[in-house]
K.L.:
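Provided herewith is a single structure, encoded as C-alpha cells, for subsequent inquiry.
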2 protein chains.
Amino acid sequence: MAVTLADVAARARVSAATVSRVLSGNYPVAESTRTRVLRAVDELEYVVNGPASALAAATSDLVGVLVNDIADPFFGIMAGAVQAEMGAPAGEPGRGAEKLAVICNTGGSPERELNYLTLLQRQRAAAVVLTGGAVEHPDHAAAVATKASRLAASGTRVVLCGRPPIADATTLTFDNRGGARRLTEHLLTLGHRRIGYVAGPAERTTTRHRLEGHRAALSAAKVNSLDTDMERLTVHGLYDRASGYDATLELLRRDRGLTAIVAANDTIALGVCAALRDQGLRIPEDVSVAGFDDLPFSADAVPALTTMRLPLHEAGARAGRLALGREPQPPGGVAMVRAELMARASTAPPRG
Amino acid sequence: MAVTLADVAARARVSAATVSRVLSGNYPVAESTRTRVLRAVDELEYVVNGPASALAAATSDLVGVLVNDIADPFFGIMAGAVQAEMGAPAGEPGRGAEKLAVICNTGGSPERELNYLTLLQRQRAAAVVLTGGAVEHPDHAAAVATKASRLAASGTRVVLCGRPPIADATTLTFDNRGGARRLTEHLLTLGHRRIGYVAGPAERTTTRHRLEGHRAALSAAKVNSLDTDMERLTVHGLYDRASGYDATLELLRRDRGLTAIVAANDTIALGVCAALRDQGLRIPEDVSVAGFDDLPFSADAVPALTTMRLPLHEAGARAGRLALGREPQPPGGVAMVRAELMARASTAPPRG
DNA sequence: CTGTTAGCGCGTTCAA
DNA sequence: TTGAACGCGCTAACAG
C-alpha cells in the first residue's frame with residue numbers, strides 16, 4: 001500500500017539497511033550512495049513508518065504534555081512553550097531529530113490524567129511533562145507517583161512543571177506559597193485589614209499553597225484591627241471567572257466591609273471585578289483586587305490588575321528542554337520558579 | 001525489559017492471540033479464560049505496546065489537531081472540544097476504543113504546519129483536524145492540499161474546522177464573511193459612517209473573509225456621508241492585543257473623526273479599547289468598538305464587547321466526531337457554521 | 001472458542 | 001562502506 005524502506009532501497013539499488021542508515025544519519029555512508037538514496041526517497045515521497053520505527057528502535061518521538069484545561073491561557077502558554085522547544089527544525093521532513101509534542105487535556109480529572117499517562121506509556125513516549133497543580137487525593141497521588149516511576153523505569157523522562165516534586169521526576173515548582181504571601185503583604189502594607197480570599201478547588205496543590213501563603217502573611221502581621229477570621233473570609237470555587245463572580249457576592253454577604261479581595265488567579269480576579277462593579281463598588285477606591293499568574297489580559301483589565309507574575313513561557317520552555325535532556329538537571333532534580341509582584345492600578349490604600 | 005503479550009499469555013496459560021483478542025474485545029472469548037487473562041494483565045501490570053500494535057494493525061490511535069496558537073483561547077476551546085470527543089472512557093486502561101488526540105501548535109507557520117502533517121503521516125494517525133484560518137500562499141495551499149490527499153489516501157481522515165474546504169477533507173467552515181458583514185451592518189444601522197477596521201495578518205483566509213464581509217456591508221450601504229475610503233480606514237496587524245493597540249493609534253492618526261472601530265477578532269478589540277482609553281476617548285460614547293469570536297472574556301470586558309459569536313466548542317466537538325467517523329458527513333462534505341451577533345455595551349449610536 | 005503461523009516495516013547486529 | 005538476517009511485539013488469517 002504505502003511506500004516502504006524496501007521500495008526506496010530497490011529504486012536506489014542498495015539494501016534496506018543502507019537506506020535506514022542514510023535516513024537516521026548516525027552512521028557513515030558513502031556520499032554517492034547517500035545522494036542516490038535521498039533522491040529515491042524524494043521521488044517516491046517516502047515517509048518513515050513511525051510505529052515500525054518505534055518498534056524496532058524501542059523508542060518513539062512522542063512527548064506528552066498534560067494540562068488541566070487547554071482553553072485556559074495559563075496552560076496554553078506553558079504547553080505552547082514546551083512544544084516550541086521540540087522544534088521540528090525547518091529541514092526537510094523525513095529527517096531525524098524532531099519530536100512530536102502532544103498536548104493532552106485532562107480537564108482536571110484524575111482519571112483522565114491516569115488514562116493519558118497509560119496511553120503515553122503505551123506509545124512508549126520519549127518524555128512526559130505534567131503541568132499545573134496536582135489533585136491531592138492520597139490515592140490519586142500514589143497512583144500518579146507509581147505511573148511516573150514506571151514510566152521513568154521504562155526510559156520515559158518525566159518532568160513536572162508547576163506542581164510539587166515526586167520521585168523519579170525532574171521538577172519545576174512554582175513558588176505559589178511565597179508569591180501569595182508577598183501579594184497579601186503588599187495589601188497589608190497598603191493598610192488593608194479586612195481582606196477576602198477567593199480560593200480555587202479545595203483538593204489542588206496550587207490552591208492550597210496559595211491559600212497557605214495568604215494566611216501566613218495574615219498570621220505574621222500582628223497589626224491592630226486585623227481581621228483574622230480566615231475561614232469566614234475565604235470562599236472556594238473553580239479556577240474560572242464565574243466562580244470569582246459568585247464568590248465575591250458571597251464574600252460581600254458575609255462582610256460588606258471588606259476593603260480588598262485576593263483571588264487565587266487572574267481569571268477568578270476578573271470575575272471578582274465584574275461582581276464588584278455590578279454591586280456598585282469601585283476598584284480600587286472601594287475595594288482593591290489582586291490576582292495571580294499575570295496572564296496577558298491582566299495588564300489590560302480596567303483597572304490594570306495587580307498580580308503575581310509567573311514566567312509561564314520560560315518555565316514551559318525549560319520543562320521542554322529538560323524533557324529532551326537538552327538541559328542539565330537542577331540540583332536535587334528540583335528547581336523553584338519565583339513569582340514577581342506586579343503592583344498595578346487595582347490595588348490602593350483603603351479609604352478612610 | 002518490559003512485560004509483553006507473551007508474558008501475559010504464559011501466565012494465563014493461553015496463546016498470545018487469545019490475549020490479544022481479550023484486550024481488543026472485538027472477538028468472542030470464553031468468560032473463564034477472559035477473566036484469567038485480565039487477571040494476568042493486572043498482576044503483570046501489562047501495558048500494550050502501541051507501536052507494535054499500530055504496526056501489526058496498520059493503524060494507530062493517534063488523532064492530530066493542528067492549531068495556529070494554542071495560547072489563544074480561540075484555538076484552546078476548539079482543541080479542547082475535539083479532544084473531549086476522543087473520550088478515553090472511564091474504563092480500565094488497556095481497553096480498546098480511546099484515541100489519543102494530540103494538539104500540535106504551528107504558530108501560524110506554514111513550514112511547521114507541513115512538518116506536523118508529515119509527522120502525523122509518519123505516525124499513521126487515524127485522523128487529522130486542521131483548525132483556524134489557512135495561510136494563502138499558493139505554494140503552501142498546494143502543498144497542504146497534496147499532503148491532505150496523501151493522508152486521505154492512506155486512510156487518515158482529514159477534517160477542517162474554520163477554514164475553506166479542500167479536496168479529500170470534510171470541512172466545517174465558519175461564516176466569517178457573512179458574520180463580518182452583519183456586524184458592520186449593525187454599526188451602520190446605529191448610524192456610524194466613518195468606521196475604522198483593524199484586520200489580521202494579510203495572508204490568512206480568516207482575515208480576508210472578515211475584511212471582505214466588512215467591505216461588502218459598506219459597499220452595499222448607499223447612505224449619504226458614508227466614508228468609503230476603505231484602504232485608508234483599514235490597518236493590518238497580528239491577531240493579538242498589541243496589534244490592536246498600535247493599529248488604533250494609527251487609525252486615529254489617519255482620521256481622528258472615526259466613530260467606530262471594528263476589530264478582526266476579540267483579542268485585537270481588547271487592544272483597541274485600551275488604546276482608545278489611553279487617548280482619552282470613551283467607549284461607546286466617543287467611539288464604538290466591535291470584535292469577532294465572542295471569547296469568554298468578551299462578555300466581561302468593560303464595557304462588554306459587541307461581537308459575533310462563533311460556537312467554537314460545538315464546532316470543535318463536531319469536528320472531533322467527524323474525525324472519528326461517529327457523525328455522518330455533511331452534504332457535499334462541507335458544512336457552514338454561522339456566527340451570531342452579540343450586541344452589547346461597546347457599541348452605541350454615534351453622538352451628534 | 002482457541003492455538004499456530006505469518007508477516008507488519010524497520011533497526012541492528014554480524015560478516016563480507 | 002555495504003548487505004543479509006534476525007527480531008522488536010503485536011494482529012490477522014487459517015486451522016482445528
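Chain identifiers are assigned alphabetically (A, B, ...) following the order of the sequence lines, protein sequences preceding nucleic acid strands; residue numbering begins at 1 within each chain. Please read all numbers here as calculations on a predicted model, not as lab measurements.
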K.L.:
Give the rounded distance in Å between these two atoms: CG of Leu55(B) and P of dG9(D).
P.N.:
12 Å
K.L.:
Can you check whether Thr33(B) has a side-chain N or O nearer than 4.0 Å to OP1 or OP2 of dC1(C)?
P.N.:
no
K.L.:
So does Arg124(B) reach the base of dG9(C) with its side chain, donor to acceptor, closer than 3.5 Å?
P.N.:
no
K.L.:
Would you say a side-chain N or O of Ser20(A) is under 4.0 Å from OP1 or OP2 of dG11(C)?
P.N.:
yes
K.L.:
Taking all atoms of both residues into account, what is the closest heavy-atom pair of Ala125(B) and Ser60(B), and its distance?
P.N.:
CA-OG, 3.9 Å
K.L.:
Report yes if a side-chain nitrogen or oxygen of Thr18(B) is closer than 4.0 Å to either non-bridging phosphate oxygen (OP1 or OP2) of dT2(C); otherwise report no.
P.N.:
no
K.L.:
Starting from the 5' end of DNA chain D, give me the residue, Tyr27(B) or Ala56(B), whose nearest nucleotide shows up first.
P.N.:
Ala56(B)
K.L.:
Using whole Å, report how far CG of Leu5(B) lies from C1' of dG7(D).
P.N.:
16 Å
K.L.:
What is the distance, to the nearest angstrom, from the CZ atom on Arg21(B) to the P atom on dC14(D)?
P.N.:
14 Å
K.L.:
What is the separation between atom CG on Asn49(A) and atom C1' on dC8(C), rounded to the nearest whole Å?
P.N.:
8 Å
K.L.:
At under 4.0 Å, does any side-chain N or O of Ser53(A) touch on OP1 or OP2 of dG9(C)?
P.N.:
no
K.L.:
Counting any heavy atom closer than 4.0 Å, what does Ala17(B) reach on the DNA or RNA strands: base, sugar-phosphate only, or nothing?
P.N.:
base
K.L.:
Whole Å only: how far is the CZ atom of Arg122(A) from the C1' atom of dC10(D)?
P.N.:
13 Å
K.L.:
Let me have the donor-acceptor pairs involving side chains of residues 159-169 of chain A, under 3.5 Å, with sequence neighbours excluded, atom names and distances please.
P.N.:
unit_1, atom_1, unit_2, atom_2, d
Arg163(A), NE, Gly132(A), O, 3.0
Arg163(A), NH2, Glu113(A), OE1, 3.4
Asp168(A), OD2, Ser149(A), OG, 2.8

K.L.:
Do Thr170(A) and Gln329(A) get their side chains close enough for a donor-acceptor pair, meaning under 3.5 Å?
P.N.:
yes
K.L.:
Rounding to an integer number of Å, can you tell me how far Asp7(A) CG sits from dC8(C) P?
P.N.:
11 Å
K.L.:
Figure out the CZ/P separation between Arg13(B) and dG3(C), and round it to whole Å.
P.N.:
12 Å
K.L.:
What's the CG-P distance between Leu23(B) and dC10(D), to the nearest Å?
P.N.:
9 Å
